[in-house]
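What's counted below: heavy atoms across the whole structure, side chains too, no hydrogens, waters or symmetry copies.
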Amino acid sequence: MEIIKEKVAHDILLKAYRHMMLARAMADVYEENRSVTTYVHSTSRGHEAIQLATAYQLTKDDWVSPYYRDESLLMGIGFEPYRLMLQLLAKAEDPFSGGRSYYSHPSSREEDKPKIIHQSSATGMQAIPTTGVAQGIQYIEEFNLKQFENNPVVVCSLGDNSVTEGEVAEAFQFAALHQLPVIFLVQDNEWGISVTKEEARTSDAYDYAAGFVGLNRMRVNGTDFAESYLAMKKAVDFVRTERKPMLVCASTVLIGHHTSGVRREFYRDETDLEKHRAKDPGIILKNHLIHDEGFDEKNLDEIEIQCRKEIEEAFEKAIKAEDPKAESVADHVFAPTPITEETGTRTPEGQEKIVMVDAAIHAIQELMWKHPEALLYGQDVGERIGGVFRETVTLGAKFGIKRVFNTAIQEAYIIGSTVGMSAVGLKPIVEVQFADYIYPGINQLITEISKSSYLSYGKFPVSSIIRVPIGAYGGGGPYHSGSVESILANIKGIKIAYPSNAADFKGLLKAAYYDPNPVIMLEHKGLYWSKVPGTEDAKTIEPAEDYILPFGKANLILEADESEMKKGRTMVVVTYGMGVFWAKEAAKKFSGRVEIIDLRTLIPLDETLIFERVKLHGKCIVLTEEQIQNSFAEALAHRISKNCFQHLDAPVEAIGAMNLPAVPINLILEKEMLPNADKLAGAIENILKS
């Protein structure tokens with residue numbers, strides 16, 4: 001895109017010069033006070049021009065995702081140095097994270113500024129959530145869900161070496177394919193910590209982007225403010241008007257350290273440093289102001305002196321600010337959910353039983369009719385087949401391709417985009433086709449989704465539902481039969497449901513929709529259609545539309561006889577998913593002596609019911625389909641032992657699959673690996689004898 005040479009107004013040039021002098025003073029003051037600025041940080045030295053040029057184009061309707069070197073961008077959109085320093089020093093009034101995250105890791109919903117979703121340190125990972133913001137804005141515009149003063153533009157700022165991340169490619173691909181209103185601003189200083197451009201990549205971002213058809217692109221000298229300002233004005237105006245994506249590759253320099261902990265003298269020689277210092281944006285702008293715009297050099301020097309004084313005063317004030325209270329450390333892991341009680345009609349009269357898969361389809365249908373902000377996407381969920389298990393069938397035809405649509409094979413994008421979609425007020429329901437393929441999305445789940453509420457100090461909980469077909473049956477083989485709940489349960493900041501029947505499925509899915517936090521629905525493939533022998537009870541009367549089942553409420557599905565309990569001849573099996581049906585079958589051999597708890601949700605967990613029943617019986621087995629070693633079930637068994645120790649008559653046992661790397665495809669081998677009713681019955685017999 002050609003940049004027409006225009007004049008930049010004097011007030012804008014002076015504003016930029018002042019901001020650059022503030023940025024310079026901040027870097028100098030931080031360096032001079034290394035004993036105080038002990039938390040790791042980066043500064044924007046060398047990148048000021050392109051960052052300010054970008055910031056000055058943005059309105060309160062826009063969204064921007066700065067990366068960790070973007071302090072000048074933050075100043076440009078209105079954050080004063082003092083407020084930035086509160087994060088630098090991890091103070092209680094840090095406006096972004098309340099003292100929980102690094103410098104220049106912002107999140108903001110302030111009304112008078114562009115909005116900023118939670119920003120992590122994982123390089124390039126912001127590309128997917130930010131593209132999700134643009135995806136959400138396009139959806140809002142399509143269905144006229146909100147009016148804006150200005151067509152919103154989304155800016156995703158990236159360092160050059162982060163562009164080699166695969167997840168950045170997923171963001172580029174989705175933005176280009178769907179023509180989203182997003183600008184990918186790549187700041188290229190030719191370094192990736194100590195890695196040079198020659199070591200890291202075959203081309204810069206501009207040439208790389210050529211492969212993404214539909215992604216417009218431009219290069220700019222990011223050290224020259226006037227050129228950068230005009231370029232970014234063209235880019236922002238283009239996206240604001242045309243509603244199409246743009247990549248801006250801005251050449252910059254690295255004058256400071258990579259971070260305060262990885263100092264320039266560790267890996268850069270003087271020749272390289274001098275080359276970068278020669279393109280200092282502040283010096284370039286000062287020369288332009290004096291020689292081309294007629295400014296008095298003494299006035300500019302006075303601005304520099306004033307900025308230094310302002311920064312020193314702000315820094316002293318920030319040092320004296322209060323630290324966070326220790327008791328606040330656990331705040332905002334989850335946003336409060338309005339769903340705390342079971343409500344509605346679970347078993348309406350005159351209704352027939354339905355299979356689990358239909359319960360999910362009906363629940364989503366009811367939600368989407370009622371809530372235009374709800375949409376569904378993932379691999380093969382669209383109208384043609386409606387999911388490989390027919391778990392979304394009919395939905396595409398009823399709601400159209402704008403609300404129910406297929407994606408490419410991009411698990412990271414499917415999961416991570418829900419961050420941005422949620423931030424703009426939508427409720428994405430997405431699907432990973434098999435549990436075995438959730439791993440490419442784990443990075444987004446951990447670095448972005450799970451931490452968003454906590455590190456944004458409650459501003460950006462991610463309200464999304466991630467559906468995951470899970471489990472083994474019928475020779476599905478090593479890549480379509482896996483159980484992943486232990487990996488997921490180790491991620492703090494997400495909720496996990498694992499229903500075992502149609503009524504629970506529908507009620508939990510409704511609760512998940514109204515929960516402002518990220519929810520993973522683990523859906524056992526063998527229970528979808530009750531095709532596995534012994535799983536007929538997964539079919540239930542379909543609950544009414546108003547039925548909601550809160551998370552964290554386990555179900556006592558089989559009680560022991562009181563007479564057997566008094567004799568001390570009973571025990572409890574704690575399980576979930578397919579384990580419920582193995583337990584029910586095994587219990588038939590021990591009439592009145594076995595009690596079964598169906599957890600229904602793994603996070604949150606109904607410890608109250610579990611501990612109450614285990615203390616009553618004194619004996620317990622925790623049953624899972626997963627490989628048992630280091631599993632969720634094994635950890636739960638330990639927790640039960642610790643909390644119920646004085647009431648136990650025997651050690652708590654955890655039973656699950658053999659400790660093998662995968663589920664074999666051969667049915668004989670699959671059966672040998674997995675637990676079943678007979679294996680459980682043997683374990684029950686042994687524990688009841690103890």
Problem set entry | Sub-4.5 Å side-chain heavy-atom contact between Y67 and T123 |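 No, their side chains stay 4.5 Å or more apart.
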Indicate, with yes or no, if the rings of [X] and [Y] have centres closer together than 6.0 Å.
{"X": "Y454", "Y": "H332", "result": "no"}
{"X": "F96", "Y": "Y457", "result": "no"}
{"X": "H524", "Y": "Y576", "result": "no"}
{"X": "F174", "Y": "H178", "result": "yes"}

As a test of understanding, state which of K402, R243, K146 forms a salt bridge (charged side-chain N to carboxylate O under 4.0 Å, His left out) with E141.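 It is R243, the one option of K402, R243, K146 that forms the salt bridge (charged side-chain N to carboxylate O under 4.0 Å, His left out) with E141.
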[X] and [Y]: side-chain donor and acceptor closer than 3.5 Å?
{"X": "S500", "Y": "D598", "value": "yes"}
{"X": "Y139", "Y": "R403", "value": "yes"}
{"X": "S486", "Y": "E626", "value": "yes"}

Handout entry: Between CD1 on residue I354 and CD on residue E542, distance to nearest 0.5 Å
Key =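 I354 CD1 to E542 CD: 3.5 Å, rounded to 0.5 Å.
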Quiz item: According to the interplanar angle, ranging from 0 to 90°, do the rings of Y208 and F212 count as parallel (below 30°), tilted (30 to 60°) or perpendicular (above 60°)?
Solution: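 Rings of Y208 and F212: perpendicular, over 60°.
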Please work out whether the ring planes of F434 and Y437 are parallel, tilted or perpendicular, with thresholds of 30° and 60°.
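Perpendicular, since the angle between the ring planes exceeds 60°.
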Scan residues 152-164 for pairs that pass salt bridge (Lys or Arg N to Asp or Glu O under 4.0 Å), counting only residues two or more places apart or in two chains.
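Only D160-R201 qualify under salt bridge (Lys or Arg N to Asp or Glu O under 4.0 Å).
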Discussion item. With salt bridge (Lys or Arg N to Asp or Glu O under 4.0 Å) as the rule and sequence neighbours excluded, what pairs involving residues 514-523 come up?
Written reply: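 Listed by first then second residue: R467-E523, K495-D515.
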task: Ignoring hydrogens and angles, tell me if any N or O in the side chain of T535 forms a donor-acceptor pair with the backbone of V532 under 3.5 Å.
output: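 The answer is yes, because a donor-acceptor pair under 3.5 Å joins these two groups.
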Tell me whether K427 forms a cation-pi arrangement with Y513, defined as NZ or CZ under 6.0 Å from the six-membered ring centre and within 45 degrees of its axis.
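Judged by the rule, K427 and Y513 form a cation-pi pair.
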For residues 381-391, which side-chain N or O atoms pair as donor and acceptor with protein atoms under 3.5 Å away, sequence neighbours left out?
{"from": "R390", "atom 1": "NH1", "to": "I385", "atom 2": "O", "distance (Å)": "2.5"}
{"from": "E391", "atom 1": "OE1", "to": "F389", "atom 2": "N", "distance (Å)": "2.8"}

